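Since this is a predicted model, take the numbers as computed values, not measurements.
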Amino acid sequence: MKAELSEDGQSFTLTRGAWSNSYPLADLPKWMAFYRKQPLDFPKSGDSYAASIAALEALAARLDQG
């Protein structure tokens, strides 16, 4: 899973294999909360959300540094 900031800095795109979707940057905290909640709501999912969580957290960290 990759989370990349758009060139204009207004959105980010999550990409996993052939799937991708873009979201407004202002929604980053909402999506981080959503993906962090999934393993709690669906424990049988195991670590299937870990890559998404890590990608979003890495993007947030890069934004905090820059």
| query | Are L40 and M32 linked, directly or through other ILVMFWY residues, by side chains that come within less than 4.5 angstrom of each other? | reply | no

| Can you name the nearest heavy-atom pair linking M1 to S52, along with the distance? | CE-OG, 3.1 Å

| query | Where do S45 and P39 come nearest, in terms of heavy atoms and distance? | reply | OG-CA, 4.0 Å

| message | Working to the nearest 0.5 angstrom, can you tell me the gap between S22 OG and L14 CG? | response | 8.5 Å

| message | Which heavy atom of I53 sits nearest to which heavy atom of R36, and what is that distance? | response | CD1-CA, 3.9 Å

| field | Minimum heavy-atom distance L56-F12, with the two atoms named | value | CD2-CE1, 3.7 Å

| request: Please check if F42 and Y35 belong to a single hydrophobic cluster, counting links between Ile, Leu, Val, Met, Phe, Trp and Tyr side chain heavy atoms closer than 4.5 Å. | output: no

| note | Sorted by chain and number, sequence neighbours left out, ring pair (Phe, Tyr, Trp, His ring centres under 6.0 Å) with F34 holds for W31

| Between T13 and N21, does a side-chain contact (heavy atoms from CB on, under 4.5 Å) hold up when you go through it step by step? | CA-CA 6 Å; T13 300; N21 207 358; over 6 Å; no

| request: With rounding to the nearest 0.5 Å, note down the distance linking OG in S11 to CG in D27. | output: 10.5 Å

